[in-house]
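Some notes on the structure that comes next.
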Amino acid sequence: MKFVTQEDIDNHSKQTLRGMTEGAAASLAVAVPGSFYLHRRWAYYRSLPITIKALGVVLVVAPCIAAQAERRGVQYDMEHNWSGPAKDELDREASEEDKRWGRLSPTQKAGDWALRHRWHLFVAGWAASMGASWMILRRNKTQTFSQKIVQARVYAQGIALAGLLGGATLSQMQPPEMKKENVSDHSWARLLEMQAKEAKEIESHTHA
């Protein structure tokens, strides 16, 4: 990895700002029209205060800005700041992962993706189940607001528990080649080997 210069820092900041702009534009293009659509079509949404509606937009926009800004920053680092044995090792690992992914069937790819993103799916499922439970329970006129909240949370916890059990079952159902984990990561050894080889080549050119 080369030494970082002020120019690299400035360019990295520009790419990060580019990612923030892209994330904001894309998420606002979805969130704002979606909010207007719900306001026009759904009486309950119209009854919500503007602060709650704004919060809904922010909850969509903010993660998109952060994710795209980070993606652009990491992409710039990979393309400009990483070089030598470190970059070769990263490229080798990426190539091996692409080959492994290409050998999987569509069903295995879906299972592999779900397994790698199980915590994202778990959180999204919990939030969705909480919202769905509230939409069902809000029509109940015999319960108070606090009772509805507690009941919705109970339903969401039950669904979350089912999601955890489903994730555990999914991990056990994977084929052996997908379940196999590299418990001993020897990439550091390969990296030291490549650095030593590069140092010898430089030394031989220097004495030549």
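Note that the structure is a prediction, hence the values are computed from the model and not measured. The chain is numbered in sequence order, starting from 1.
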Quick check: is [Y] connected to [X] through a chain of hydrophobic side chains (ILVMFWY, heavy atoms under 4.5 Å apart)?
X      : Y      : value
Ile65  : Val58  : no
Phe36  : Val61  : yes
Tyr37  : Leu28  : no
Val57  : Ile50  : no
Leu165 : Ile159 : no

Which atom of [X] lies closest to which atom of [Y], heavy atoms considered:
X      : Y      : result
His12  : Asp77  : CD2-OD1, 3.3 Å
Gly73  : Thr16  : CA-OG1, 4.2 Å
Thr142 : Gln147 : O-OE1, 4.3 Å

Charged N-O contact under 4.0 Å between Lys99 and Glu96: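 Glu96 and Lys99: not salt-bridged.
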
Measuring only between side-chain heavy atoms, which start at C-beta, is [X] closer than 4.5 Å to [Y]?
X     : Y     : value
Met20 : Arg72 : no
Thr51 : Leu55 : no
Asp10 : Glu7  : no

To the closest 0.5 Å, what do you measure between OG (Ser47) and NE2 (His39)?
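Spacing of OG (Ser47) from NE2 (His39) equals 10.0 Å.
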
Quiz item: Once the angle between the rings of Tyr45 and Trp42 is folded into 0 to 90°, is it parallel (under 30°), tilted (30 to 60°) or perpendicular (over 60°)?
Solution: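 Geometry flag for Trp42 against Tyr45: parallel rings.
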
* Considering residues, nucleotides and ligands other than Gln75, do more than 12 of their heavy atoms fall under 6.0 Å from its CD? ->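 Yes.
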
| query | Does the Ser35 side chain pair with the main chain of Val32, one donor and one acceptor, at a distance under 3.5 Å? | reply |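 Between the backbone of Val32 and the side chain of Ser35 there is no qualifying donor-acceptor contact (under 3.5 Å).
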
Just to verify, which of Gln15, Arg71, Arg18 counts as forming a side-chain contact (heavy atoms from CB on, under 4.5 Å) with Tyr76?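 Answer to the side-chain contact (heavy atoms from CB on, under 4.5 Å) test with Tyr76 among Gln15, Arg71, Arg18: Gln15.
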
